[in-house]
Number of protein chains: 2
Amino acid sequence: MTGQVRTVDGRVAGRRGQETRQKLLDCLREMLGSSPYRDVKVIDVARKAGTSPATFYQYFPDVEGAVLEIADSLAKESGSLKELVQGKSWAGKAGRATAEGLVDGFLTFWRRNEAILRVVDLGAAEGDKRFYRIRMRILNSVNNSLTESIKELQSKGRVGKEVNPAAMAGALVVMLAGVAGHQKGFQPWGVKQAQLKPTLTQLVHLGVTGRKPAA
Amino acid sequence: MTGQVRTVDGRVAGRRGQETRQKLLDCLREMLGSSPYRDVKVIDVARKAGTSPATFYQYFPDVEGAVLEIADSLAKESGSLKELVQGKSWAGKAGRATAEGLVDGFLTFWRRNEAILRVVDLGAAEGDKRFYRIRMRILNSVNNSLTESIKELQSKGRVGKEVNPAAMAGALVVMLAGVAGHQKGFQPWGVKQAQLKPTLTQLVHLGVTGRKPAA
DNA sequence: AACTTGTCCTGTCATGCCGTCAGCTTACCG
DNA sequence: CGGTAAGCTGACGGCATGACAGGACAAGTT
């Protein structure tokens, strides 16, 4: 479907080339975890990968281009997140467990890919369409299934009509993303990890069902 | 209290110097609004301010340093945000109005200072202590007053003891910040501004009081 | 084994930004 | 009017960028 991997100058990349390309992506990913995005230089990535800057430019137009590549693969991977919500019940104790699982799964996913998601967030906030398309794809799986859940509850009359399902799902997802990206930011307020999750669980449950979760 | 403004090489800045300095800050602020943070160059800022790069380096160690400066003044300004919550009632119709005012005021503030806050967010997420200290100061005014509100409701028995006030306030504030920073991100989901605010209002009210707002 | 073909990598170069310094100009003050 | 400190900039070495041409290499062909 995606055709073959191509170099910037149009050649088709072979086995060896793809390996080099992948190595560059891996190194970039690692560097993003340890130094500020603004300071990541092509030459450093190339050095770390044991190759030269010129090679980097054969496979990517610039650092941003390479980040987009990584983010894209992340977007594909994120499809599995919808299983955190799809087909789960929001009633009684099961509802609480669903909310808990969603919070937990989402936070874990975010933390695992922190470095890339930071850059995606920035790009999207800056209005770059390529980045916010990817951000949307990543959040979409959760957002869509949450929207469905709320719509369903609404049709059963268990949630008020004043709620806009898509808006509510979006707000909750953005909240989770925001918290995941700034977990350290809670420490100065004296909030520990262990207290954060129950709170988020409660909020998600409240948002989706309009009711507090069962004990 | 803050002593005098000083140049990087230790001189005291006079009237003229402070003007130049301020002009550089203004130009930087404007550039951050129109081009990606990663691409903002000292030379461009200097040119725009009608001066030379060397002058820039007299007043700031680097671009980041200048951004911190702007962010700092923003942090001072943000103190007024606490009035959105402090002394307001969370009961009945007044409660709804309080939630509404908070959402509205917060979103407006965030949008007005979008460009800088984006960079602060990134810096904080990347673990830079200077940035996340500032981010905390900005969110603190709202966060603290919200925490107080929740504690008070809790002491009156109107909110369950299972809620951790600081964690709940933090989650709500982060949600607002997240939504404010990605308002465009909702469009592809078919969510309009007008639908977003009521949803946030509802969530804030639910989070603080545990109950839906009055019609 | 020599040749061919197409992929893959690197040396090199022009360009432009970074960050610093010495030194010139301007403003203020006695 | 001369001294002093503030304010600004030209110029420079250093480094990243991005483009290109040519060499190295693997695989198949004769």
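Note on naming: letters A, B, ... go to the chains in the order of the sequence lines (proteins, then strands), and numbering restarts at 1 for each one. Every value quoted in this text rests on a predicted model; they were computed, and no experiment measured them. Worth knowing before you read on, the calculation uses all heavy atoms, side chains too, and leaves out hydrogens, waters and symmetry mates.
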Sub-3.5 Å donor-acceptor pair from the side chain of [X] to the main-chain atoms of [Y], do we have one?
{"X": "B:R118", "Y": "A:A125", "answer": "yes"}
{"X": "A:N143", "Y": "A:G170", "answer": "yes"}
{"X": "A:T98", "Y": "A:S89", "answer": "yes"}

Nucleotide range of DNA chain D contacted by chain B, 5' to 3', under 4.0 Å to a heavy atom?
D:dA6 to D:dG10
Base, backbone or nothing for each nucleotide of nucleotides 11-20 of chain C, written B, S, -, heavy atoms under 4.0 angstrom, 5' to 3'?
B-----SSBB
Identify, between B:G10 and B:T55, the residue whose nearest nucleotide on DNA chain D lies closer to the 5' end.
B:G10
A:P198: side-chain contact (heavy atoms from CB on, under 4.5 Å) partners, not counting sequence neighbours:
none
Specify the residues of residues 14-37 of chain B, ordered by number, for which at least one heavy atom lies under 4.0 angstrom from an atom of DNA chain D.
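Heavy-atom cutoff 4.0 Å gives B:G14, B:R16, B:G17, B:T20.
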Ion pair present between B:E64 and B:R130, side-chain N to carboxylate O less than 4.0 angstrom?
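Salt bridge: yes.
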Over 12 foreign heavy atoms within 6.0 Å of [atom1], [X]:
{"X": "B:E30", "atom1": "CD", "value": "no"}
{"X": "B:R133", "atom1": "CZ", "value": "no"}
{"X": "B:R6", "atom1": "CZ", "value": "yes"}

B:D104: partners by salt bridge (charged side-chain N to carboxylate O under 4.0 Å, His left out), with sequence neighbours left out:
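For B:D104 the salt bridge (charged side-chain N to carboxylate O under 4.0 Å, His left out) partners, ignoring immediate neighbours, are B:K197.
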Residues forming a salt bridge (charged side-chain N to carboxylate O under 4.0 Å, His left out) with B:E69, sequence neighbours excluded
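Checked B:E69 against salt bridge (charged side-chain N to carboxylate O under 4.0 Å, His left out); matches are B:R21.
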Between C1' on C:dC9 and CZ on A:F60, what's the gap in Å once rounded to a whole number?
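So the CZ-C1' distance, A:F60 to C:dC9, works out to 15 Å.
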Heavy atoms only, 4.0 Å cut-off, all strands: where does B:T51 land among base, sugar-phosphate and nothing?
sugar-phosphate
